[in-house]
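See below for the structure under consideration.
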Number of protein chains: 2
Amino acid sequence: MARTQGSRAEITGPLLRDEARRLFARQGYAAVSMRQIAAAVGVQAGALYAYTTDKQALLFDLLETHMQDLLAAWRDDPLADPLARLHRFVDFHIGFSLDHPDAVFLSYMELRNLSPDNFARIADLRGRYEAALEDILRDGVAAGTMRIEDAKLTTLALIAMLTGVTNWYREGGRLDRARIMQIYWGLARGAVGA
Amino acid sequence: MARTQGSRAEITGPLLRDEARRLFARQGYAAVSMRQIAAAVGVQAGALYAYTTDKQALLFDLLETHMQDLLAAWRDDPLADPLARLHRFVDFHIGFSLDHPDAVFLSYMELRNLSPDNFARIADLRGRYEAALEDILRDGVAAGTMRIEDAKLTTLALIAMLTGVTNWYREGGRLDRARIMQIYWGLARGAVGA
DNA sequence: GTCTATAAATCGATAGAC
DNA sequence: GTCTATCGATTTATAGAC
């Protein structure tokens, strides 16, 4: 492959995604122009189209990659105690959300800007993640260590509660991450009647 | 005031807000054009500027009105049993959210599109609403009927959990509103250790 | 109050040089 | 791979007629 003057493909590619994610999360997909992203990357707008076919593909790639990373990072042990599995899920979800706050925000806010096909693919990935938590809750009920009225609703309620940390968490704030996880585990444990 | 041919001020004003709220919630503030709103209202784009100075003022008005309506609608009884007050809060928050899903969605998603001054005013209103719940939790701890590790975090966690219903609730779905409130009350009661 | 017409700026995306 | 330049469409907001 011939080397071209001024080429920085190795860093422009990842940087494009990083800056797009940050700007989309901060201002919203529709409010961010390709020129604005290009400026943050340090190239001219035309150069971006060597890395993405269009703006929509860029958004979908960010959301799909995030959901796949989330699913790949979660490792459950179906044979362990359901309460211990739930505790691990709480810590995992909070930790992953705080590690990727922009991606989490995007995945909730910009679904409406996806084409119907792209939306369906992201919704499917999200459904699989929710199913992971719902399995834990059903096992807990079966084991008699959890009291839950509706496993599906409790799943959605817990995820909404946990994801909410990204709305107010600030590095160096009043509580550190371990303490936050501890508090939310207390809330989740109580919510499932344990 | 002289009557003008074709004037429909009595309905255009409220309709403008209704359609703007609906479109902003569905597509996002930045993605909706004034022409699109005008078409939904049934006028030409220029006519909208008789009702709002610009697009930003329209968004702020929607958010501010919503937060003020929310605060005005919540009526607490500081002398009642804290658990009963929390139960009322759960029902109220879910009911209000399901009654105004677009406004709730907007108030979470479009804060970033407000000017700094406008943002501060909405954040202040939100803080007052959160304080209303936090008061209940602190009274519950003082009365010994709730066990809470951190009242502030528990407040934010509960509101995030309750607001989440707007993400999946559909009219005529598997569960009716009363049943949903019942399930969420069980979750909230457990979360506060009651 | 609403219309038509338009100003002025910005958008996404492409073409062609290097 | 990146640049400059630009096309064509669309945006917010305003001006002036009615």
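Each chain gets a letter, A, B and so on, in the order its sequence line appears, and its residues count up from 1.
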- Task: Tell me whether the OP1 or OP2 atom of D:dT10 has a side-chain N or O from B:Ser33 closer than 4.0 Å.
- Result: no
- OP1 or OP2 of C:dT2 sitting under 4.0 Å from any side-chain N/O of B:Thr12? yes
- Query: Considering only C:dG12, C:dT2, D:dA13, which nucleotide approaches the side chain of B:Asp54 most closely?
  - Reply: D:dA13
- Task: Kindly point out which of D:dC3, C:dT2, D:dA13 is positioned nearest to the side chain of B:Arg8?
- Result: C:dT2
Would you mind reading off the distance between [X] atom [atom1] and [N] atom [atom2], rounded to a whole angstrom?
X	N	atom1	atom2	value
A:Lys55	C:dT10	NZ	P	15 Å
A:Leu59	C:dG12	CG	P	13 Å
B:Tyr49	C:dT6	OH	C1'	14 Å
A:Ile11	D:dT2	CD1	C1'	13 Å
A:Tyr51	C:dA13	OH	C1'	17 Å
A:Leu58	C:dA13	CG	C1'	14 Å
B:Glu10	C:dT2	CD	C1'	14 Å
A:Leu15	D:dG1	CG	C1'	15 Å

- Does the side chain of B:Glu64 pick up a donor-acceptor pair with the side chain of B:Asn118 at under 3.5 Å? no
- Check every strand shown and say whether A:Val41 touches a base, only sugar-phosphate, or nothing at a heavy-atom separation below 4.0 Å. nothing
- Task: Look at the rings of B:Phe96 and B:Phe92 and say which category their plane angle falls in: under 30° parallel, 30 to 60° tilted, over 60° perpendicular.
- Result: tilted
- Message: Determine whether B:Asp69 and B:His100 satisfy the following criterion, side chain to side chain contact (heavy atoms under 4.5 Å, CB included), listing intermediate values before the conclusion.
- Response: CA-CA 10 Å; B:Asp69 288 350; B:His100 309 93; over 6 Å; no
- Message: Go through it in stages, so that I can follow the logic: the residues are B:Asp150 and A:Arg174, the test is salt bridge (charged side-chain N to carboxylate O under 4.0 Å, His left out), and I'd like the CA-CA distance, side-chain angles, deciding distance and then a yes or no.
- Response: CA-CA 11 Å; B:Asp150 189 291; A:Arg174 178 169 64 92; 2.8 Å; yes
- Query: Taking for each residue the nucleotide of DNA chain D bearing the nearest heavy atom, is the 5' side occupied by A:Gln44 or by A:Arg35?
  - Reply: A:Gln44
- Please lay out, stage by stage, how A:Gln36 and A:Gln27 fare under the test side chain to side chain donor-acceptor pair (under 3.5 Å). CA-CA 11 Å; A:Gln36 196 177 350; A:Gln27 307 178 34; 3.2 Å; yes
